[in-house]
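Below, read A as the first sequence line, B as the second, and so on, with proteins coming before strands; counting in each chain starts at 1. Remember, it's a predicted structure, so these values are computed and weren't measured experimentally.
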Number of protein chains: 2
Amino acid sequence: MSLAATKDTLKQRGIRLTRQRQLLLELIDQSGKHLDAESLYRMAQERDPKLNRVTVYRTLKLLKEGGLVDELDLMHYGGDQHYYETRTKQEHAHIVCLRCGKVEEFFGDVLQRLRRQIETTFGFQIVIARTEIGGYCAHCQVLRAQEMTEARLDTAAAGAKPARP
Amino acid sequence: MSLAATKDTLKQRGIRLTRQRQLLLELIDQSGKHLDAESLYRMAQERDPKLNRVTVYRTLKLLKEGGLVDELDLMHYGGDQHYYETRTKQEHAHIVCLRCGKVEEFFGDVLQRLRRQIETTFGFQIVIARTEIGGYCAHCQVLRAQEMTEARLDTAAAGAKPARP
DNA sequence: GTTAGTGCAAACCTTTTGCAGCTCT
DNA sequence: AGAGCTGCAAAAGGTTTGCACTAAC
């Protein structure tokens, strides 16, 4: 959904486009994905130092409730805050590397199939679906193997010289 | 995983089976699924009033890191706390009704298919996978329809008599 | 006897709320 | 004009940490 379309949607719902909201909407729109409230706040403050953190939270809540952004946890990598992304047309899963924190997105019709199965199995009306996967990306798998080898060598060395220096 | 097996696993890792941990493990094992820290704490206190909330958090963290329990958000229905369930053999999705809070579980090989696709697409080594779905259960769909009708009638009534009493 | 684990108090981080004043429409 | 929104301060909710004491191995 484009920035202009989002503004229209809000206007239609009788929600005021204040200076602060315009700024926040722009920032969310421009930014890459997966912003958390604090990052958004800091970005906003550079352009409007008086803008309050509370306004950020209130705006995000508004957008979330209006279905204009999705809220993610990203496996709580880096804390318990929430992340937000503008709602894309296509459902996708988030894949988080537990070592480097990189987030990949997976599109694929398995997700739609899952959705349909759940709707029919339970007669459930789905509003939001969230799949988050944690593990190690190809790159970090290698690095972890190295780290583990080093740790083993350290332990062996410590074993040879019984007491710690 | 059975209670005894969990205890063994912990022992093998050199983790002490203190009185407090034994109690918490039992409670987690007995309880139905989807316990949050506070509930577990309250249950534990009935049997050991001196057991501290902090110990509950530390034990849950331990179990989570050891892969003995899974941590869930359940779409933050009812707050931002986490829920825990003992790790079952079978991966499943959690389906949360946003009106009544009921949680259903969905097993199905679509989930395994999704898992495999992600592993091969990204060369990703999956540690935890979490699918949570929010929406309205069959029962609440009906109730919501009624509520919306009532709301419409209220608005109409309010419209007929312009000022609020 | 060590070392890991506990309890307590206090801090922490993220998010929400109450209220007076400002601003969009 | 007036409801809606903002900023500020303060609180809430959930979780973690530092430290002295205790208990498991």
Side-chain angles (χ1 to χ4, degrees), chain A residues 7-8 10-25 27 34-42 44-45 47-66 69 71-84 155 158 162-164, chain B residues 7-25 34-42 44-45 47-66 69 71-84 155 158 162-164:
Chain A
K7 288 188 179 177
D8 282 356
L10 292 177
K11 250 183 190 159
Q12 275 169 31
R13 295 188 192 163
I15 288 167
R16 292 185 187 167
L17 278 177
T18 61
R19 181 171 43 76
Q20 293 90 331
R21 284 187 187 156
Q22 306 235 28
L23 172 52
L24 292 173
L25 289 176
L27 290 172
H34 312 147
L35 269 181
D36 66 296
E38 189 64 22
S39 310
L40 179 55
Y41 171 56
R42 281 203 283 264
Q45 266 211 328
R47 287 221 242 150
D48 177 355
K50 306 251 2 205
L51 192 148
N52 197 278
R53 184 182 273 105
V54 174
T55 300
V56 174
Y57 279 105
R58 285 198 272 233
T59 302
L60 286 174
K61 193 176 186 184
L62 192 78
L63 295 172
K64 177 179 49 161
E65 287 171 356
V69 299
E71 190 180 62
L72 313 171
D73 295 296
L74 299 183
M75 282 302 177
H76 306 119
Y77 181 91
D80 280 356
Q81 75 277 62
H82 296 141
Y83 299 88
Y84 299 87
T155 310
R164 283 224 150 260
Chain B
K7 287 188 179 177
D8 282 357
T9 307
L10 292 177
K11 250 183 190 157
Q12 274 169 31
R13 295 186 192 162
I15 288 168
R16 292 184 188 168
L17 276 177
T18 61
R19 183 172 41 79
Q20 293 90 331
R21 282 186 188 154
Q22 306 235 31
L23 172 52
L24 292 173
L25 288 176
H34 312 145
L35 223 40
D36 65 298
E38 188 63 22
S39 310
L40 179 55
Y41 170 56
R42 281 203 284 262
Q45 266 212 329
R47 286 221 242 152
D48 178 354
K50 305 249 5 202
L51 193 149
N52 197 278
R53 183 183 273 104
V54 174
T55 301
V56 175
Y57 279 105
R58 286 196 274 233
T59 302
L60 287 173
K61 192 176 186 183
L62 191 79
L63 296 173
K64 176 179 51 165
E65 286 170 357
V69 299
E71 191 180 64
L72 314 171
D73 295 296
L74 299 185
M75 283 303 178
H76 306 115
Y77 181 91
D80 281 355
Q81 75 279 59
H82 297 140
Y83 299 87
Y84 300 87
T155 310
R164 281 223 151 260

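Between B:Gly78 and B:Gln20, the one whose closest nucleotide on DNA chain D sits nearer the 5' end is B:Gly78. Take the nearest nucleotide of DNA chain D for A:Leu51 and for B:Glu71: the residue whose nucleotide is more 5' is A:Leu51.
Of all heavy-atom pairs between B:Tyr84 and B:Glu71, the closest is OH-OE2, 3.0 Å. Scanning both residues, B:Ala44 and B:Leu23, for their nearest heavy atoms gives O-CD2, 3.8 Å.
For B:Gln81, the listed nucleotide lying nearest its side chain is D:dT15; candidates were D:dT17, D:dT15, D:dG7. For B:Asn52, counting side-chain heavy atoms from C-beta on, the closest listed nucleotide (D:dT17, D:dA9, C:dG7) is C:dG7. In the set C:dT15, D:dT6, D:dT15, the nucleotide with an atom closest to the side chain of B:Ala37 is D:dT15.
Considering only side-chain N and O atoms, B:Tyr57 lies nowhere under 4.0 angstrom from the phosphate OP1 or OP2 of D:dT16. Distances shorter than 4.0 Å separate some side-chain N or O of B:His82 from OP1 or OP2 on D:dT15.
Of the residues in residues 7-18 of chain B, those lying under 4.0 Å from DNA chain C by heavy-atom distance are B:Ile15, B:Arg16, B:Thr18.
Counting to the nearest Å, the P atom of D:dG14 and the CG atom of A:Asp73 are 15 Å from each other. The interatomic distance linking B:Tyr77 (OH) with D:dG13 (C1') rounds to 18 Å, in whole Å. In this structure, CG of B:Asp80 is placed 14 Å from P of D:dT16, rounded to the nearest angstrom. Atom NZ of B:Lys50 is separated from atom C1' of D:dC21 by 12 Å (rounded to the nearest Å). For B:Tyr41 and C:dC8, the OH to C1' distance is 11 Å, given to the nearest whole Å. For A:Tyr83 and C:dT14, the OH to C1' distance is 12 Å, given to the nearest whole Å. One atom, CZ of A:Arg53, and another, C1' of C:dC13, lie 10 Å apart when rounded to the nearest Å. Summarising the geometry, the separation between CG on A:Leu35 and C1' on C:dT14 is reported as 16 Å, rounded to the nearest angstrom.
In the interface, the side chain of A:Arg21 is not paired with the base of D:dG4 through any donor and acceptor atom under 3.5 Å apart. Put simply, the side chain of A:Arg58 and the base of D:dG4 share no donor and acceptor less than 3.5 Å apart.
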Evaluate side chain to side chain donor-acceptor pair (under 3.5 Å) for A:Asp36 paired with A:Ser39, printing each intermediate quantity in order. CA-CA 5 Å; A:Asp36 66 296; A:Ser39 310; 2.4 Å; yes
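Proximity of B:Leu51 to B:Val56: side-chain heavy atoms (C-beta onward) are separated by under 4.5 Å at one or more points. Looking only at side-chain heavy atoms (C-beta outward), B:Leu72 and B:His34 come within less than 4.5 Å of each other. Side chains of B:Leu62 and B:Arg21 form a contact here, defined as non-hydrogen atoms less than 4.5 Å apart. Contact annotation: the side chain of B:Leu63 approaches that of B:Leu25 to within less than 4.5 Å [non-hydrogen atoms, C-beta and beyond].
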